[in-house]
Each structure stands twice: as C-alpha cells, then as structure tokens.
2 protein chains.
Amino acid sequence: MKYTLNQGRELSTQIAEAIRIEIMNGSLLVDERLPSEGELCDRFQVSRSTVREALKRLAAQSLIRTQRGATGGAFVNRISFEDAYPQQITTSTLLLSMNEVSFETACEARFAVERACVPLSAERCQPDHMATMRAEIHRQEQSGLSDESFCASDVAFHKALIEGAGNPVLTYQLASAIESMQPLMNMITFSKRDRATIVSLHSKIADGIASGNAAVADEGLSELADYTVTLADQVRQQRATRAQDAAKI
Amino acid sequence: MKYTLNQGRELSTQIAEAIRIEIMNGSLLVDERLPSEGELCDRFQVSRSTVREALKRLAAQSLIRTQRGATGGAFVNRISFEDAYPQQITTSTLLLSMNEVSFETACEARFAVERACVPLSAERCQPDHMATMRAEIHRQEQSGLSDESFCASDVAFHKALIEGAGNPVLTYQLASAIESMQPLMNMITFSKRDRATIVSLHSKIADGIASGNAAVADEGLSELADYTVTLADQVRQQRATRAQDAAKI
DNA sequence: ACAAAGTTAAATGTCTGACAATTAGAATAT
DNA sequence: ATATTCTAATTGTCAGACATTTAACTTTGT
C-alpha cells in the first residue's frame, strides 16, 4: 500500500485519518496490532513525532490503545460503552453550555427519547431498577436535601427509568443527554411546592412502570417535561430581571 | 495554578485531562487562547513533544483548534454539530460492527427514537423535507435501482423525516444511528416484493406526516420497524445455512 | 530436569534542540 | 496614503538520544 499525503492539512491529521479509514473498512481488525511507530515512519515517510501525534489523536477517540514493552504497540480497540460514555458526555455538555443548543431544544429531545423508553421499561423493568426509583423518590421527599442533592437524585431516578428499558444504546444516548443537562438544572432553586410536584410525578411514573401501565407513566413523564420547561423559564426570567436591575443601577 | 502529575498514566493524557476540565468548568472560555506550547511546557514541567501530544488529543475531540503564525496558538473551540457528527458516526459504526451492540438492539433504539420524532414532524414538517421524502419514495419505485442505491435512498428518506422534527439534537443522534446501520443494511438483498412493502410503508408515513396525522405515520413506522427486523433475521438465517453447508463440504 | 534469577531486545514514553512554515503587525520605501 | 519588506511569535516537522516497560531468552543454582 502506498500513501501520498497532501500538503494542506497537518500530516498527523492525514495519517490518523488514513488509519481510521483502515479500521472502519475492516482492513484492520479488532485487537490487531498496528505497525510499530518506526514502521509507520517508513510507510508514511514522516518523523516519529508526527506518527505519534497521529496515534494520540486515534487514542483520544478510543480507536486504538497502546501498550509498552517488547510485544507492545498500538492495537485496534474494541470500543465499549464505557469508552464512549465520557466522550459523549463531554460533547453534549459543551454543545449545551456553549449555546450551540438551547435548553428548550435539549429538553424536547431528552423527554421525547425518554418517553420512547417508557413502553420498553413498563414491559421489562427489573426489580433492582424499580427499587432504585423508589429509593430516589424517598430521598427526594426528605426536607433537608440541598438543591444539588435533589438534582443528583433526580438524575439517578431517570437513569434507573431508562436502564429499565434494557437497551444499552438508549441508555447511552439518554444518560449522556441527562447528565449534560445537570449543570443547567443545578441553577434552579426548588421551592417546597416545586419538589412536591416533581415527587408526585415521579411517583406516578414509577407506579405506571411497576404496574406495566405505560400510558400512565407516559402521562406523568409528559407532565414532568412541561413542568421542567416552566421552571427553566422562571429561572431565565429571574435572570433577565436581575440583569435589568443591575443595568438601572 | 500548580500542577502535579502522577506517575501512572502517560503525561500527555494527564495534561489533556487537566485542560479538558478547565474547559468544562469554565476556567477556559470559548475562543479563549490557551497558553502557547512553550508556556504549557513551563507550567506542566514537561517537554514540548509531550505538550503537543496532549493538544492533539484535545484537537481530536474538537475541544480546541490550532492556528499558526504570530497571533496563533490553541483556542477553545465552540463545538458544533458539524464537528460532532462524524465522531458520533465513527463511534456508533464501530460499536455496531465490533459486535458490542446487536443489530436488534440498535434497531430497537433507532425506531423508538424515530417514532418519538413523528409527532414533532407531523406538527412542524416543512415543505422541503416533505418534498425530499416524496422524491425518495419515487426513486425507490424505480425498478433498475441497485440494492445499495435503494438503501441510500432509504437513509435519505428517514433523514428527511427526522429533520422535519426541527430538533437538531434528535437529528444528530438519530442520523448517526441510521448511518451507522447502513453497512449492515447494505448486506440485505431486496426482492421486488420487499421493496414494494417498504415503499408502501414509506408512503403511509409520508401521508401521515403531510396530513398532520401522527398516529397514521407512527403506525407505518412501527410496521416498518418490524419488517426491518424480519428482513435482517432472514439474512442471518441465510448466512447460518451457508456456513453449515460450507462446514459439510 | 526444573526453577529462579539475570540478560537482552523491542517497543513505547519522554526529552532536547534545531529548522521550516505561517502569520500578524511593525517598519520602511514609494 | 499605500505598498512592500522585515521581524517576531507561534505552530509544524524533523532527527537523535535516553528512559521505561515488558516478554522472551539465557544463565545459573539446586
């Protein structure tokens, strides 16, 4: 195989891309060893630093892993959800915090997908997930809970709900969506009344799932979606008012 | 700020992680310039190669971009969907092709989310997306179409459907799911009857969306989901039979 | 013969120093 | 004023060295 690199982009980018394609199209199989850094230098006619920068790019995407020692080298990595999660969360969080996506848009997507999980959860939900949901609801009823702990418990509740669907792809996509929204949710101050409303909706959802009644759970989740948007709206209005006041002074 | 790096993991990994955290927690803002490579060497007490490998890791995740020249450097990148798409597709494709996820699981997740899009599409779908769906249906009716072209048109149809929901997050997640399934879909040989069934379901979906009747569209999509699983099953059985035959000889 | 210890070789990880290429801005010439 | 040239800062690339890790091989002791 011969390789000709352009002059435009960085060499390490082009080399990483060439190797990525070999992995994608099956020229390099899972756990197969890539040529050593020295061999890659010869193949692409570049220095070792350049090759290494290319390999680090691939490692950052979990496409390869490296191992030191005599039989070491770079190996095609069997990418797992454990590898993919953190990256997905990083990406989602930044898409949200850098205002590429509005909270409303994220909310709509998140609850649309979560509602899609409900029928599956109602059908399959295991006792341990059900127990987690009940336990988190119980926590949320405690009065001494800080807003942040309340939010964390909220996340735990919804994670258990979607895990009940028993589909790792849905869990992977939704869990990252929910986690990436947490920083924004943490800015909400929950009144006693807010919490009561949320807890009652959580109960409604849990009851629906437990009894295999997807329609009830869906209704609860739908109401919760609306309520979340309302709360977020309040925060935004408060902030706008505060900004105006500050401008006056 | 002082930095103490452990001995366990690679230095470039730790440096990349430290900078990633600074970006995530807001210490480094969008478009802000990172210290130059030389300054990072001083700060972390490592060589330039190590700093560069760390920066390449971050660049591979679109967290930073670099610019050469007098006022150049590494800048915090405002991550966009255009940046995130390809990475998501790479990850999804490999999760699927490396058997970390079964086709059934991927299918279930994909159609669950797609069905979640239907009510939104029925409400908001714009004429251009509608036109795309109609055009792709028309293409799929042509008899001379290769299986691969038929699949490509299928992808285009569904992409238009989900874009009709007008939610970029849903588009981002679903489009990557659909594209990552394409290699497997391409292995299916569609009979004339298969195509007719699919086209009629596509029409049903399009009609439902066009008339704002989400229930009809959802029914069509649901039937399509079942049919897709059936076809995939057939392929798997054929392959199993062929493997048995090969073993006999 | 077998097991423990030491040796070796291959590979990645890190460091140093140099030069090339690019780019904005300052200095200069017209 | 405008165009050109120069300069300095910064990233991109290269070459070579040494450090570290690891598995396999070799030696040695029993």
Side-chain angles (χ1 to χ4, degrees), chain A residues 3-20 22-23 28 31-78 83, chain B residues 3-20 22-23 28 31-78 83:
Chain A
Y3 294 95
T4 46
L5 304 178
N6 303 330
Q7 288 307 323
R9 289 175 302 165
E10 290 168 38
L11 295 176
S12 65
T13 308
Q14 296 179 56
I15 292 168
E17 180 63 8
I19 296 174
R20 188 188 70 83
E22 288 196 72
I23 295 173
L28 287 167
D31 292 334
E32 188 173 335
R33 185 179 174 281
L34 272 64
S36 72
E37 295 177 354
E39 289 170 317
L40 290 172
C41 293
D42 293 344
R43 176 178 301 189
F44 291 104
Q45 288 294 300
V46 296
S47 72
R48 208 180 139 213
S49 338
T50 304
V51 164
R52 282 183 61 79
E53 287 177 12
L55 293 178
K56 294 314 156 202
R57 293 182 119 106
L58 295 170
Q61 298 172 272
S62 305
L63 296 186
I64 62 168
R65 60 177 189 278
T66 55
Q67 212 177 335
R68 290 172 76 166
T71 61
F75 297 83
V76 177
N77 194 38
R78 180 188 300 277
D83 297 329
Chain B
Y3 294 95
T4 46
L5 304 179
N6 304 331
Q7 287 308 323
R9 288 175 304 166
E10 289 168 37
L11 295 177
S12 65
T13 308
Q14 296 179 56
I15 292 168
E17 180 62 10
I19 296 174
R20 187 188 70 84
E22 288 195 72
I23 294 173
L28 287 168
D31 291 333
E32 187 172 337
R33 185 178 174 283
L34 272 64
S36 73
E37 295 178 354
E39 289 170 316
L40 289 173
C41 292
D42 294 344
R43 176 177 302 188
F44 291 104
Q45 288 293 300
V46 296
S47 72
R48 209 180 139 212
S49 346
T50 304
V51 164
R52 281 183 62 78
E53 286 177 12
L55 293 178
K56 294 315 157 202
R57 293 183 120 104
L58 295 170
Q61 299 173 270
S62 305
L63 296 186
I64 63 169
R65 60 178 188 277
T66 55
Q67 212 176 335
R68 288 169 78 165
T71 60
F75 297 83
V76 178
N77 194 38
R78 180 188 300 277
D83 297 330

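In what follows, chains are A, B, ... by sequence order, proteins preceding strands, each numbered from 1.
- Of the possible polar contacts, none joining the A/Q61 side chain to the A/L58 backbone as a donor-acceptor pair under 3.5 Å is found.
- Between B/L55 atom CG and D/dT10 atom P there is a gap of 14 Å when expressed in whole angstrom units.
- Proximity note for B/E10 (side chain, C-beta onward) versus D/dT11, C/dG13, C/dT23: the nearest is C/dG13.
- The side chain of A/T50 places an N or O atom within less than 4.0 Å of a non-bridging phosphate oxygen (OP1 or OP2) of D/dC14.
- Note: CD (A/Q67) to C1' (C/dA11) measures 10 Å, nearest angstrom.
- Positionally, the nearest nucleotide of DNA chain D for A/S47 lies more toward the 5' end than for the other of A/S47 and A/G69.
- In this structure, A/N77 contributes its side chain and A/L63 its backbone to no donor-acceptor pair below 3.5 Å.
- Per the geometry, CZ belonging to B/R65 stands 15 Å off C1' belonging to D/dT11, to the nearest Å.
- The side chain of B/R48 has D/dT13 as its nearest neighbour among D/dT13, C/dT14, D/dT22.
- By the 4.0 Å N-to-carboxylate-O rule, B/K56 lies close enough to A/E10 to be salt-bridged with it.
- The two atoms that bring A/R57 and B/A60 nearest to each other are O-CB, 3.5 Å, heavy atoms only.
- Between A/E53 atom CD and D/dG12 atom C1' there is a gap of 8 Å when expressed in whole angstrom units.
- A donor N or O paired with an acceptor N or O is not found under 3.5 Å between the base of D/dG12 and the side-chain atoms of A/R9.
- The backbone N or O of B/S36 sits less than 3.5 Å from a side-chain atom of B/E39, completing a donor-acceptor pair.
- In this structure, A/R52 places its CZ atom 15 Å from C1' of C/dT16, rounding to the nearest Å.
- Which of C/dC15, D/dA9, C/dA10 sits closest to the side chain of B/L11 comes down to C/dC15.
- As rounded to whole Å, 13 Å separates atom P of C/dG13 from atom CG of A/L40.
- The distance between atom CD of B/E37 and atom P of C/dA18, rounded to the nearest whole Å, is 18 Å.
- Nucleotides of DNA chain D nearest to A/V46 and A/R68 differ in position, and the one nearer the 5' end is that of A/V46.
- Contact between the side-chain N/O atoms of B/T71 and the OP1/OP2 oxygens of D/dA9 is not found at any separation under 4.0 Å.
- Considering only side-chain atoms of B/S49, the nucleotide from D/dA23, D/dT11, C/dT16 that sits closest is C/dT16.
- The NZ atom of B/K56 sits 9 Å away from the P atom of D/dT11 (whole-angstrom rounding).
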